[in-house]
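Encoded as structure tokens, the structure appears first; notes follow it.
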Amino acid sequence: MLKPSMEKALNKQMNDEFRSAYLYLSMAAFFEGQNLTGFASWMHLQSKEEVAHGMKFYNFIHERGGKVALETMEAPPKTWKSPLAVFEATLKHEQKVTAGIHKLVELADKNQDHPSHAFLQWFVTEQVEEESSVDDIIQKLKIGGTSGAALLMMDRALGARAPESE
Ligand code: FEO
């Protein structure tokens, strides 16, 4: 059985994952509006992954006898200055998500909640991978600049992203 403080914290993270999905969907829509279909496709996949992350928390809370509590969500931003600005915002967002996961691990340990600790390790690893892949895109966008050719090459590369296997 989950302790109330763990139930609350897991619910918070679940809602943050769904918020991430909403943010990345808005970024996908932004790219679609710019005819950058590869960038849009990358963000669509990212959004879907965040829904899957949220559902991992949803299922775990249930499995542990807790109650899932969905919250209202603020509208995400709709526009950004440039593709680089989108990915910089993504990295900042992911760093916040990472901090949330780490705080959750600390809370699980404080409560000697070993199942939560084990459950959260997947997310600890996932966040390393997420931050690294977003940072890689940022560095490439910086190298290529905003010239049409570099942007279109990046669009093609990002459009080749395949869905993550579970
Ligand atoms: Fe589920 Fe990108 O954190």
Side-chain angles (χ1 to χ4, degrees), residues 9-60 70-106 108 117-166:
L10 287 163
N11 265 300
K12 182 188 177 303
Q13 193 64 36
M14 176 192 71
N15 279 285
D16 284 346
E17 299 289 343
F18 288 135
R19 259 182 216 105
S20 303
Y22 214 32
L23 172 64
Y24 297 147
L25 192 59
S26 188
M27 289 172 168
F30 169 75
F31 284 130
E32 254 145 35
Q34 315 236 321
N35 292 320
L36 291 168
T37 53
F39 280 89
S41 159
W42 193 98
M43 277 299 169
H44 266 295
L45 283 178
Q46 192 63 25
S47 179
K48 279 188 191 146
E49 280 189 10
E50 299 302 350
V51 173
H53 295 174
M55 288 309 296
K56 278 182 192 275
F57 279 96
Y58 175 105
N59 290 326
F60 183 71
L70 294 167
E71 294 169 357
T72 48
M73 265 190 256
E74 274 177 33
K78 295 182 190 70
T79 55
W80 290 265
K81 241 176 37 214
S82 63
L84 176 61
V86 175
F87 280 92
E88 282 173 341
T90 301
L91 182 59
K92 218 167 138 194
H93 184 78
E94 285 303 325
Q95 285 166 340
K96 261 170 53 189
V97 172
T98 301
I101 296 285
H102 291 178
K103 265 176 78 176
L104 250 179
V105 174
E106 284 159 25
H117 177 100
F119 167 74
L120 290 164
Q121 294 314 299
W122 184 89
F123 287 92
V124 171
T125 307
E126 174 72 7
Q127 284 309 118
V128 173
E129 192 263 316
E130 291 218 340
E131 283 191 29
S132 159
S133 67
V134 173
D135 189 51
D136 186 58
I137 294 167
I138 290 172
Q139 298 317 317
K140 287 194 171 102
L141 283 171
K142 281 184 176 168
I143 293 166
T146 49
S147 81
L151 206 58
L152 289 179
M153 259 174 68
M154 196 65 190
D155 192 53
R156 220 177 359 246
L158 292 185
R161 176 182 179 180
E164 196 176 62
S165 53
E166 281 296 297

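Sequence positions, counted from 1, serve as the residue numbers for this chain. Side-chain atoms are counted along with the backbone in the values below, which use heavy atoms only and exclude waters and symmetry mates.
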Results of side chain to side chain donor-acceptor pair (under 3.5 Å) for [X] - residues two or more places apart only:
X      : result
Thr90  : none
Asp16  : Lys12, Arg19
Lys140 : Asp136
Gln13  : Glu17

Which residue pairs pass the salt bridge (Lys or Arg N to Asp or Glu O under 4.0 Å) test with at least one member in residues 151-161, sequence neighbours excluded?
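Only Glu49-Arg161 qualify under salt bridge (Lys or Arg N to Asp or Glu O under 4.0 Å).
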[X]: what forms a ring pair (Phe, Tyr, Trp, His ring centres under 6.0 Å) with it, not counting sequence neighbours?
X      : answer
Tyr24  : His93
Phe31  : Phe39
His117 : none

Straight-line distance of Ile138 CD1 to Leu91 CG, nearest 0.5 Å
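Atom-to-atom, Ile138:CD1 and Leu91:CG are 4.5 Å apart.
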Any side-chain heavy atom of [X] sitting closer than 4.5 Å to one from [Y]?
X     : Y      : value
Met43 : Val86  : yes
Phe57 : Leu120 : yes
Lys56 : Glu126 : no

Using residues 97-105 as the side-chain source, report each donor-acceptor pair under 3.5 Å to any protein atom, sequence neighbours left out, with the distance given to one decimal.
from, atom 1, to, atom 2, distance (Å)
Thr98, OG1, Glu94, O, 2.9
Thr98, OG1, Gln127, NE2, 3.0
Thr98, OG1, Glu131, OE2, 2.6

List in chain and number order the residues that pass side-chain contact (heavy atoms from CB on, under 4.5 Å) with Glu74, two or more places apart in sequence or in another chain; answer none if no residue qualifies.
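Checked Glu74 against side-chain contact (heavy atoms from CB on, under 4.5 Å); zero matches.
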Extract all donor-acceptor atom pairs below 3.5 Å that involve side chains of residues 76-84 and protein atoms in other chains or at least two apart in sequence.
from, atom 1, to, atom 2, distance (Å)
Ser82, OG, Leu84, N, 3.4
Ser82, OG, Ala85, N, 3.0

For residues 27-38, pull every pair meeting side chain to side chain donor-acceptor pair (under 3.5 Å), keeping only residues two or more places apart or in separate chains.
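Of all non-adjacent pairs touching residues 27-38, those that pass side chain to side chain donor-acceptor pair (under 3.5 Å) are Glu32-His44.
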Should we say atom CE of Met153 is surrounded by more than 12 heavy atoms from elsewhere, each under 6.0 Å from it?
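12 or below, so no.
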